[in-house]
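Lettering of chains follows the sequences in order, A, B, ..., and the numbering in each one begins at 1.
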Amino acid sequence: MLALADCNNFYASCERLFQPSLRDKPVVVLSNNDGCIIARSNEAKAIGIKMGEPAFKIKHLIKENNIHVFSTNFTLYGDLSKRVMSTLRSEVNRMEVYSIDEAFMSFKDEGRLEEKALMLKQKVAKHVGIPVSIGVAPTKALCKVANHIAKKHTKTGIFLLEDKKLIERALKWFPVEELWGIGRKYVKQLKSIGIHTAWELCQIEDNWIRRNLTIRGLKLVKELKGIPCFSLEETAPRKKNICTARSFGKEIATIQELKEAVSNYAHTCAKKLRKEKSICNKLTLFLSTNAYKPKAKQYYGVKSFTFDTPTSDSMEIVKASLDILKKLYRDDCIYKKAGVIVGDIVPEEQLQLHLFDTIDRNKRKAINQALDNINNHIGKDKVKLAVQGYGRKWRLKQEKLSPCYSTRLDEALTVLV
DNA sequence: TCTGGGGTCCTAGGACCC
DNA sequence: TCTGGGGTCCTAGGACCC
């Protein structure tokens with residue numbers, strides 16, 4: 001048996017954790033640049049705030065209902081996620097961290113599965129303070145179903161889906177659009193042929209599923225029938241691509257400002273590569289104008305570059321990005337977004353040298369290591385490349401940013417006794 | 001009228017996830 | 001005024017090989 005633990009309204013719960021007075025209040029968290037709603041407390045959901053809704057469109061609702069708004073604070077969420085995961089890990093033998101707020105765990109056939117789930121939930125609540133729901137079932141897809149039921153239709157936040165009859169009952173009621181792996185397009189296609197529930201999906205012949213929903217759809221159906229097709233992946237596989245992309249706080253037009261933004265994104269990609277002990281062969285840069293301004297001139301530029309020798313060197317990756325930028329830049333456009341993607345990633349130790357390489361790679365490695373060490377010690381980007389600049393204009397808008405309570409000593413909560 | 005058979009590798013686009 | 005970011009997997013089709 002497997003269990004899926006999923007944090008309830010994770011980002012909203014993180015923000016609330018340090019402001020207990022918001023416990024029963026509507027809370028929302030915004031995306032980067034304070035753009036869209038990406039998390040809602042139950043109270044905010046009840047008011048009718050939708051996921052992904054642009055914040056400016058619901059200003060009136062926020063005001064009328066006194067909804068508490070937060071800018072996204074990934075440092076905080078990342079740290080609390082780690083704490084939730086380590087608490088769960090302390091109680092199970094095998095676990096897969098599936099996302100920032102979800103983990104699959106193996107539950108041995110030791111009976112009393114519900115009690116074990118309840119104990120886990122209570123331990124996380126006590127040690128970290130984040131509410132989780134847990135679904136227990138024989139396959140991952142059924143765990144997703146069980147978790148959904150646990151979250152929406154139980155008081156305990158625990159649901160066990162083991163008994164064949166109970167599984168059938170659940171699937172006959174479970175809407176196809178809530179299934180894991182069934183997105184908007186597939187829902188439309190399925191509904192057009194009269195499939196509305198998970199159970200009905202399971203009645204379709206395999207060939208049709210295979211043809212229309214690909215092999216992944218077929219695996220989903222098998223999992224719903226209790227045949228495991230997705231195994232527990234205990235170690236995260238090496239990333240195949242790493243992307244750093246941002247919309248700018250304000251639109252920018254000059255190549256100088258773009259250079260600053262792009263070199264910062266490129267440097268971030270390089271840092272992420274080094275953290276994973278990976279090197280990349282390929283670099284892609286893209287630039288885009290504001291697609292929400294249809295009257296303005298629209299442009300989307302994208303171009304890739306292949307390194308002769310794979311690298312994770314900040315200087316090399318920044319330089320290559322700026323070379324592409326020069327080629328993509330058009331001075332008759334106003335830009336809203338840019339991004340750097342490094343791909344074709346291999347492990348650092350599999351470095352294939354190039355016969356005519358001109359860079360002293362050992363020296364560069366030492367420089368990058370020193371850079372990372374210093375910045376990890378005394379603060380992000382305290383030492384950086386000059387080209388990264390001090391520009392303010394393109395930086396994120398984060399007007400409602402909460403403190404990094406759990407990762408910065410100077411932002412820790414002050415308690416008056 | 002009618003033109004083989006058996007492969008691999010790469011990429012773009014589309015679907016999905018959180 | 002104002003609309004996120006970061007990923008994966010699958011498939012079809014093209015280019016190429018013998």
Could you work out which one of dC2(C), dG6(C), dC18(B) sits closest to the side chain of K293(A)?
-> dC2(C)
Choosing from dG4(C), dT1(C), dG6(C), which nucleotide comes nearest the side chain of K59(A)?
-> dT1(C)
Atom-to-atom span, CG of L4(A) to P of dC17(B) - whole angstrom = 14 Å
Using a 4.0 Å heavy-atom cut-off across all strands, classify I58(A) as base, sugar-phosphate, or nothing.
-> nothing
Would you kindly give the CZ-to-C1' distance between R216(A) and dT8(C), to the nearest whole Å?
-> 7 Å
Send over the distance from W180(A) CH2 to dC16(B) P, rounded to a whole Å.
-> 15 Å
Given dT3(C), dT1(C), dT8(C), which nucleotide is nearest the side-chain atoms of N241(A)?
-> dT8(C)
Taking K380(A) for its side chain and N375(A) for its backbone only, find out whether a donor-acceptor pair lies under 3.5 Å.
-> no
Is the phosphate of dG5(C), meaning OP1 or OP2, less than 4.0 Å from a side-chain N or O of S247(A)?
-> yes
Calculate the interatomic distance between K282(A) atom NZ and dC10(B) atom P; express it in whole Å.
-> 11 Å
Please work out if D34(A) contacts a base, only the sugar-phosphate, or nothing of the nucleic acid, heavy-atom cut-off 4.0 Å.
-> nothing
Hey, are S133(A) and N147(A) close enough side-chain-wise for a donor-acceptor pair under 3.5 Å?
-> no
For the side chain of K57(A), counting heavy atoms from C-beta on, which of dC10(C), dT3(C), dG5(C) is nearest?
-> dT3(C)
Would you check, one step at a time, whether the test side chain to side chain contact (heavy atoms under 4.5 Å, CB included) holds for S402(A) with F18(A)?
-> CA-CA 9 Å; S402(A) 52; F18(A) 292 91; over 6 Å; no
Any side-chain donor paired with an acceptor under 3.5 Å for E233(A) and Y98(A)?
-> no
Count the heavy atoms belonging to other residues, nucleotides or ligands that lie under 6.0 Å from CD of Q203(A), then report whether that count exceeds 12.
-> yes
Separation of dC2(C) P from E53(A) CD (nearest whole Å) = 17 Å
Name the nucleic acid region contacted by T244(A), choosing base, sugar-phosphate or nothing; use a 4.0 angstrom heavy-atom cut-off, strictly under.
-> sugar-phosphate
Which nucleotide in dG6(C), dC9(C), dC18(B) has an atom nearest any side-chain atom of K272(A) | dG6(C)
Kindly point out which of dG5(C), dG7(C), dT11(C) is positioned nearest to the side chain of C243(A)?
-> dG7(C)
Would you mind classifying the nucleic acid contact of I100(A) as base, sugar-phosphate or nothing, using non-hydrogen atoms under 4.0 angstrom?
-> nothing
Nearest-angstrom distance from the residue atom CG of N212(A) to P of dA12(C) | 11 Å
Among dG5(C), dT8(C), dG4(C), which is the nearest nucleotide to the side chain of K240(A)?
-> dT8(C)
Checking all strands, does I182(A) fall into the base, sugar-phosphate, or nothing category for heavy-atom contacts under 4.0 angstrom?
-> sugar-phosphate
Does one side chain, of S263(A) or Q388(A), offer a donor that lies under 3.5 Å from an acceptor on the other?
-> no
Could you check whether K144(A) gets within reach of a base, just the sugar-phosphate, or nothing at all, counting any heavy atom under 4.0 Å?
-> sugar-phosphate
Against the side chain of A245(A), the closest entry in dC10(C), dG6(C), dT3(C) is dG6(C)
Select base, sugar-phosphate, or nothing to describe what E102(A) touches, counting heavy atoms under 4.0 Å on all strands.
-> sugar-phosphate
Atom CD1 of I215(A) and atom C1' of dA15(B): how far apart are they, to the nearest Å?
-> 15 Å
For F56(A) and for R238(A), locate the closest nucleotide of DNA chain C by heavy-atom distance; then report the residue assigned to the nucleotide nearer the 5' terminus.
-> F56(A)
Taking CD1 from I38(A) and C1' from dG5(C), how many angstroms apart are they, rounded to a whole number?
-> 9 Å
Is the NZ or CZ atom of K384(A) positioned over Y390(A)'s six-membered ring, under 6.0 angstrom from the centre and within 45° of the axis?
-> yes
5'-most contact on DNA chain C (nearest-nucleotide basis), R210(A) vs K336(A), goes to K336(A)
Side chain of N32(A) - closest among dG5(C), dC2(C), dC18(B) = dG5(C)
Can you figure out which of dT3(C), dA15(B), dG6(C) approaches the side chain of P54(A) most closely?
-> dT3(C)
